[in-house]
Structure formats: C-alpha cells, structure tokens
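Accompanying notes for the structure given below.
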Amino acid sequence: MKEKKKEGTVEQKIYVVLLIAGIIALASLTLLYGRKTDQREDIVEQNIELDDPSPVSGQVSTEGEEQTKTAADATEENQTLDQSSEENTKSQETASVKQASYNGKDKLIWPVSGSILIPYSMDTTVYFETLDQYQCNPGLYIQADKGTKVKSIYEGTVTRVKKDSRLGKTVTVDLGNGYSVTYGQLKNLTCKKGDYVETGSVIGKVAEPTSYFTLEGTHLYVKMTKDKKPVNPTDYFES
C-alpha cells in the first residue's frame, strides 16, 4: 500500500510539473505573439504615415501653389504696366513729334473768305446789332454762307470742343508757343479733343448763327490769344 501511494504521489508531482511547464510555455508563446502583432501594427502605421501627407506637408504645398500664383500674377501685372508705359511713351513721342510751334511771325491763312462783320476791338467798344449794344470784341466775326467749309489757320492740337450759348459749337486749337485759336458758330465737326489738325485742313462747317447774332447773319467767329490774352487776328492773317 505504501509503495502504491508513493507511486501515485510521484505521478501527481510529475503531472503538476508538466502542467506548470505547459502553462509557462503557453504564456511565453502568447507574449511573443503579442509583441510581433504590435510590431506589425507599428509598421503598418508607419507605412500609412509615409503614404498619407501630413497636415503640415499639405499646408506647405498649398503655400507653394499660392506663392507660384502670386508670382505669376505679379509677372502679369508687371507686363501690363510695361505695356501701359510703352503706350504712354509712344503717345508722348507722337505728341512731341506733332507739337505745333507757331512763331508769331509767319502769316496765317484765312479760315473762310468773307467780309468782316464785326472787327476785333478791345480798346473801344463796337456795335452788336442783334443785341443792340456796344461791347468790346476779343475776336472777328467773318461773313460766310451756311455750310461753308472752315479751314484750320495753322497746325496744332485740339484742346477743347465746346457748345456755347452765344458762339454755338466751338473748337480751340493750340498753335504752340502760347498761341491758340478758337473757331465758333460751327457744325459738322471733323475733329475732336486731342486730334492734331494740319494747316488748311477742314475742321467743320459754318452753322446757323445763334440767337445772339440773327441780324448779323451767318458767319464764322475767330478768336486768337497769346498767353491767354486776346490779340487781333488780322495782324497775323495773310493780306
């Protein structure tokens, strides 16, 4: 009986030792498998991080695109400014080439052929029939039929086109060196502000007189100035 108990006790001890060894082996395998799984997950996460751009990378890329667009816009703007500058330069060159320079000595052509209805007079007054008044007169009123072509007395740049209640449609031309001429009682204008007119070129036609000059009849009004002060046109016209 004692030997059988001893054998049973030994077998039980061996069984317990084997059971404990199995548990330890299982625990070791479980731990090892867990570590490998974690490593795999870390590798996957790293690959995902490498494949997907981070928010910082995305921002840098966007800023780069914006900077590229800004640089392109700046280049286009500079090109536009350069073109405008070139156009302004060309305009200035054209203006300088076409700038009139009347010397005040050369005789000027008459804009129309006709008798003088009301002469230039700034020292004394002259009579205006329709107004029934005596007034100083800074210009000439030259008789001309309606529709008569009006010629430019000298070359120059048109500085103003205006409609006046007294003088009708008017055109002012800069002759250079402080000289300018204003034509009045016009219609069918062939020029505009900024145009350059040549000597003898047609700038318009004689219109019906305004209500201020109905009794005087159809005519052309001509006023010359030197440094903005009226001068007698007949002193400059051909004899």
Side-chain angles (χ1 to χ4, degrees), residues 100-239:
S101 182
Y102 179 58
N103 57 20
K105 297 178 181 180
D106 296 338
K107 291 300 182 179
L108 307 173
I109 67 171
W110 286 79
V112 293
S113 297
S115 58
I116 296 176
L117 298 175
I118 306 174
Y120 169 90
S121 180
M122 290 300 290
D123 296 331
T124 60
T125 58
V126 292
Y127 183 65
F128 289 79
E129 186 176 1
T130 304
L131 298 175
D132 192 22
Q133 293 179 359
Y134 283 88
Q135 298 178 359
C136 288
N137 180 29
L140 291 179
Y141 293 81
I142 307 172
Q143 188 280 328
D145 294 335
K146 179 182 176 181
T148 300
K149 293 180 179 179
V150 179
K151 298 179 180 179
S152 176
I153 63 175
Y154 192 77
E155 65 180 319
T157 303
V158 177
T159 56
R160 184 174 64 179
V161 175
K162 178 183 177 183
K163 186 172 183 181
D164 185 87
S165 60
R166 180 181 176 118
L167 300 174
K169 289 182 179 179
T170 65
V171 172
T172 300
V173 179
D174 179 12
L175 308 180
N177 292 324
Y179 289 94
S180 67
V181 58
T182 298
Y183 308 89
Q185 305 290 1
L186 299 173
K187 69 174 184 176
N188 300 135
L189 301 181
T190 60
C191 60
K192 62 183 182 301
K193 183 177 179 180
D195 285 353
Y196 192 88
V197 296
E198 301 290 346
T199 303
S201 62
V202 177
I203 62 173
K205 295 180 180 180
V206 174
E208 285 282 354
T210 62
S211 58
Y212 289 80
F213 302 99
T214 54
L215 296 179
E216 282 80 0
T218 56
H219 64 275
L220 173 70
Y221 175 76
V222 182
K223 176 184 177 181
M224 278 191 67
T225 60
K226 165 63 174 171
D227 298 328
K228 299 183 179 180
K229 295 180 180 180
V231 293
N232 190 349
T234 56
D235 293 340
Y236 299 88
F237 288 160
E238 296 173 343
S239 301

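Note that these values count all heavy atoms, side chains included, but never hydrogens, waters or copies made by symmetry. All residue numbers in this chain count up from 1 along the given sequence.
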Quiz item: Any side-chain heavy atom of Pro209 sitting closer than 4.5 Å to one from Tyr221?
Solution: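 No. Closest side-chain heavy atoms not under 4.5 Å.
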Self-check item: Beyond-backbone contact of Lys223 with Pro233, side-chain heavy atoms, under 4.5 angstrom
Solution: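 A side-chain contact under 4.5 Å is absent here.
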For [X] against [Y], the heavy-atom pair lying closest together:
| X | Y | value |
| --- | --- | --- |
| Gly114 | Ile142 | O-CG2, 3.6 Å |
| Asn137 | Pro119 | ND2-O, 2.6 Å |
| Leu175 | Glu155 | CD2-O, 3.6 Å |
| Val161 | Leu189 | CG1-CD1, 3.7 Å |
| Thr218 | Ala144 | OG1-O, 2.7 Å |
| Ser152 | Val197 | OG-CG2, 3.7 Å |

Distance in Å, [X] [atom1] paired with [Y] [atom2], rounded so as to fall on 0.5 Å steps:
| X | Y | atom1 | atom2 | value |
| --- | --- | --- | --- | --- |
| Glu208 | Thr214 | CD | OG1 | 10.5 Å |
| Ile153 | Met224 | CD1 | CE | 5.0 Å |
| Ile116 | Tyr141 | CD1 | OH | 13.0 Å |
| Tyr154 | Ser201 | OH | OG | 13.0 Å |
| Lys162 | Thr182 | NZ | OG1 | 9.5 Å |
| Leu140 | Leu220 | CG | CG | 9.0 Å |

Exercise. Sequence neighbours left out, what passes salt bridge (charged side-chain N to carboxylate O under 4.0 Å, His left out) with Glu216? Give chain and number order.
Key: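 By the salt bridge (charged side-chain N to carboxylate O under 4.0 Å, His left out) rule, Glu216 matches no residue at all.
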Practice problem: Test Gln143 against Asp145 for side chain to side chain contact (heavy atoms under 4.5 Å, CB included), laying out the working first. | Solution: CA-CA 7 Å; Gln143 188 280 328; Asp145 294 335; 3.4 Å; yes
Would you say [X]'s side chain and [Y]'s backbone share a donor-acceptor pair under 3.5 angstrom?
| X | Y | result |
| --- | --- | --- |
| Thr148 | Val206 | no |
| Trp110 | Glu238 | yes |
| Thr210 | Gly168 | no |
| Lys107 | Asp235 | yes |

Quiz item: Once the angle between the rings of Phe213 and Phe128 is folded into 0 to 90°, is it parallel (under 30°), tilted (30 to 60°) or perpendicular (over 60°)?
Solution: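 Plane angle between 30° and 60°, so tilted.
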Quiz item: Is it true that atom NZ of Lys149 has more than 12 heavy atoms of other residues, nucleotides or ligands lying nearer than 6.0 Å?
Solution: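 No.
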Quiz prompt | Donor-acceptor pair between Asp174 and Ser180 side chains, under 3.5 angstrom | solution =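 Checked: Asp174/Ser180 side chains show no N/O donor-acceptor pair below 3.5 Å.
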Self-check item: Residue pairs fulfilling ring pair (Phe, Tyr, Trp, His ring centres under 6.0 Å) with at least one residue in residues 157-192, sequence neighbours excluded
Solution: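 Listed once each, the pairs are Tyr102-Tyr179, Tyr179-Tyr236.
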